[in-house]
2 protein chains.
Amino acid sequence: MGQDHHGHDHGHDHTPASKEERMENARRVCQQHGERFTPLREHIFGLLIEADGPIKAYDLLDLLRPEHGSPKPPTVYRALEFFTRLGLVHRVEALNAYITCDHMHDGHSAEFFICETCDRVQERHAHDHSECIPKGFVIKRSVIEHYGSCVDCTAAAA
Amino acid sequence: MGQDHHGHDHGHDHTPASKEERMENARRVCQQHGERFTPLREHIFGLLIEADGPIKAYDLLDLLRPEHGSPKPPTVYRALEFFTRLGLVHRVEALNAYITCDHMHDGHSAEFFICETCDRVQERHAHDHSECIPKGFVIKRSVIEHYGSCVDCTAAAA
DNA sequence: CCTTGTTTGCTATAACATAGCGTTGTTTTG
DNA sequence: CAAAACAACGCTATGTTATAGCAAACAAGG
Ligand SMILES: [Zn+2]
Ligand SMILES: [Zn+2]
Ligand SMILES: [Zn+2]
Ligand SMILES: [Zn+2]
């Protein structure tokens, strides 16, 4: 189970964790990396979880505002850099947006399926590209984002 | 030949066209789409060809400047939108850069291998992702960019 | 020629992101 | 514990990327 036709887990069975579980996971990952899960970081990670999908840095900044005075861009960008470095958040390149990650990628890149109608995003481990890499090219990271229509929105459109 | 282990052409044998050929191709594609290849567009496409790799919009703007007075951002962004719409140029999302395309994608997306050491980019037709799409998801376009080290730079580093 | 639509130039502004610095708070070390 | 070292934070300022909107120039078709 969890194995697809390529012989490794693409996350098809991935059960989305609850918000509490996601927060706990973030706390644990920070500890494992010897990093601090400060109140500010927890606050921002909570907003990312609540967003429940890709969110833009400046929207995050707006959400941070009421409880946090008048935060400036570096505040949110620093947290995003931190979480991205720990693999807890991904940047969705073509949306200029950020999204939490529940996966244990372990060297895999992420692969996103993004519905442009309802804005929902499904994440998986990246499909294996090893068979079609130019000879000798060493991949350090991959950006893989598929844009289109999810099953529900496709059905609704018909 | 030109067929890889997945049974379709990924462009492994793709011979880079000369600059003149690339310009001619652009002219032809414009005609086929009933669009105008104006002097401004030709000028900008020429700069994109000369760049011979990903180039940023504002760098393009600088190159345009000497011959063209004082062009403003919309000038270059409009041309980039035009060429992108016709498939003559791709945006490299994670670089905020633009690059000419010699491929006949015909519904395929592009897939890029980008060396972060020498900045050279190899483009191919995208690897087929149809086997690992979430059930019912209809992909309209894909962003696939691999970052790492090309064969030459890997060898040079060792 | 006149109409219609496209392309271009321009001003202005929006949206996204980082540099650098001083302060505060935490951790480490003697 | 005290001093030193480091990490996180707040802030100002600026850099970078991209678009909106309008008017003039231009091309195409009747
Ligand atoms: Zn992930
Ligand atoms: Zn949808
Ligand atoms: Zn292409
Ligand atoms: Zn290289």
Side-chain angles (χ1 to χ4, degrees), chain A residues 26-27 29-48 51 54-86 88-99 143 145, chain B residues 26-27 29-48 51 54-86 88-99 143 145:
Chain A
R27 197 184 310 276
V29 169
C30 282
Q31 281 171 1
Q32 286 170 352
H33 284 77
E35 299 279 9
R36 292 158 55 194
F37 199 60
T38 64
L40 176 62
R41 286 172 179 167
E42 177 165 350
H43 188 171
I44 291 177
F45 199 79
L47 295 173
L48 283 159
I55 182 170
K56 303 207 164 211
Y58 276 72
D59 291 340
L60 210 44
L61 196 54
D62 290 339
L63 293 174
L64 201 54
R65 222 170 279 283
E67 294 186 50
H68 198 88
S70 286
K72 311 299 177 196
T75 296
V76 67
Y77 280 107
R78 278 196 285 237
L80 290 170
E81 186 280 331
F82 172 80
F83 291 128
T84 301
R85 180 158 45 81
L86 265 55
L88 290 166
V89 164
H90 298 295
R91 175 178 158 82
V92 183
E93 293 292 343
L95 294 180
N96 293 346
Y98 303 84
I99 188 168
V143 173
E145 301 170 5
Chain B
R27 197 185 309 278
V29 169
C30 281
Q31 280 170 0
Q32 287 170 351
H33 283 76
E35 300 278 9
R36 290 159 55 196
F37 199 61
T38 64
L40 176 62
R41 286 171 179 167
E42 177 164 352
H43 188 173
I44 291 177
F45 199 79
L47 294 173
L48 283 159
I55 182 170
K56 302 207 163 214
Y58 276 74
D59 291 340
L60 209 44
L61 196 54
D62 290 339
L63 294 175
L64 201 53
R65 221 172 280 284
E67 294 186 50
H68 198 89
S70 286
K72 312 298 178 195
T75 297
V76 67
Y77 280 106
R78 280 195 285 235
L80 289 170
E81 186 281 331
F82 173 80
F83 291 127
T84 300
R85 181 157 45 80
L86 264 56
L88 289 166
V89 164
H90 299 295
R91 175 179 158 82
V92 184
E93 294 291 343
L95 294 180
N96 293 344
Y98 303 83
I99 188 169
V143 173
E145 300 169 4

About how many Å separate [atom2] of [Y] and [atom1] of [X], when rounded to the nearest 0.5 Å?
X      : Y       : atom1 : atom2 : result
L86(B) : E81(B)  : CG    : CD    : 9.5 Å
I55(A) : L80(A)  : CD1   : CG    : 9.5 Å
L95(A) : E145(A) : CG    : CD    : 6.5 Å

Between the protein and nucleotides 6-8 of chain C, are there any N/O to N/O pairs under 3.5 Å, and if so, what are the atom names and distances?
| from | atom 1 | to | atom 2 | distance (Å) |
| --- | --- | --- | --- | --- |
| dT7(C) | OP1 | R41(B) | NH1 | 3.3 |
| dT7(C) | O5' | R41(B) | NH2 | 3.4 |
| dT8(C) | OP1 | T38(B) | OG1 | 2.5 |

Next item on the list: Determine yes or no for a side-chain-to-main-chain donor-acceptor pair under 3.5 angstrom, with H43(A) supplying the side chain and P39(A) the backbone.
Entry: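 No, because the side chain of H43(A) does not come within donor-acceptor range (under 3.5 Å) of the backbone of P39(A).
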Note to self: Base, sugar-phosphate or nothing for F37(A)? Non-hydrogen atoms, less than 4.0 Å.
What the structure shows: nothing
Next item on the list: For P71(B), report the nucleic acid contact type (base, sugar-phosphate, nothing); a contact means any heavy atom under 4.0 Å.
Entry: nothing
Check: How long is the line joining CD of E93(A) and C1' of dA17(C), in whole Å?
Finding: 13 Å
Item checked: Outermost nucleotides of DNA chain D that come under 4.0 Å of a non-hydrogen atom of chain B -> dT17(D) to dA27(D)
Item checked: Y77(B) side-chain N/O to dA15(C) phosphate OP1/OP2 under 4.0 Å ->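 No, because none of the side-chain N or O atoms of Y77(B) sits under 4.0 Å from OP1 or OP2 of dA15(C).
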Would you mind writing out the side-chain donor-acceptor pairs for residues 59-75 of chain A within the sub-3.5 Å range, not counting sequence neighbours?
| from | atom 1 | to | atom 2 | distance (Å) |
| --- | --- | --- | --- | --- |
| K72(A) | NZ | S70(A) | O | 3.4 |
| T75(A) | OG1 | K72(A) | O | 3.4 |

Item checked: Nearest-neighbour nucleotide for the K56(A) side chain, dT18(C), dT11(C), dC16(C) considered -> dC16(C)
Check: Only one of Y98(A), F82(A), F83(A) forms a ring-ring contact (aromatic ring centres under 6.0 Å, His included) with F45(A), so which one is it?
Finding: F83(A)
Check: Hey, does R85(A) have a side-chain heavy atom less than 4.5 Å from the side chain of E35(A)?
Finding: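 Yes - at least one pair of side-chain heavy atoms lies under 4.5 Å apart.
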Check: Given the rule in the side chain to side chain contact (heavy atoms under 4.5 Å, CB included) test, do I99(A) and R91(A) qualify, once you have shown the distances and angles that lead to the verdict?
Finding: CA-CA 6 Å; I99(A) 188 168; R91(A) 175 178 158 82; over 6 Å; no
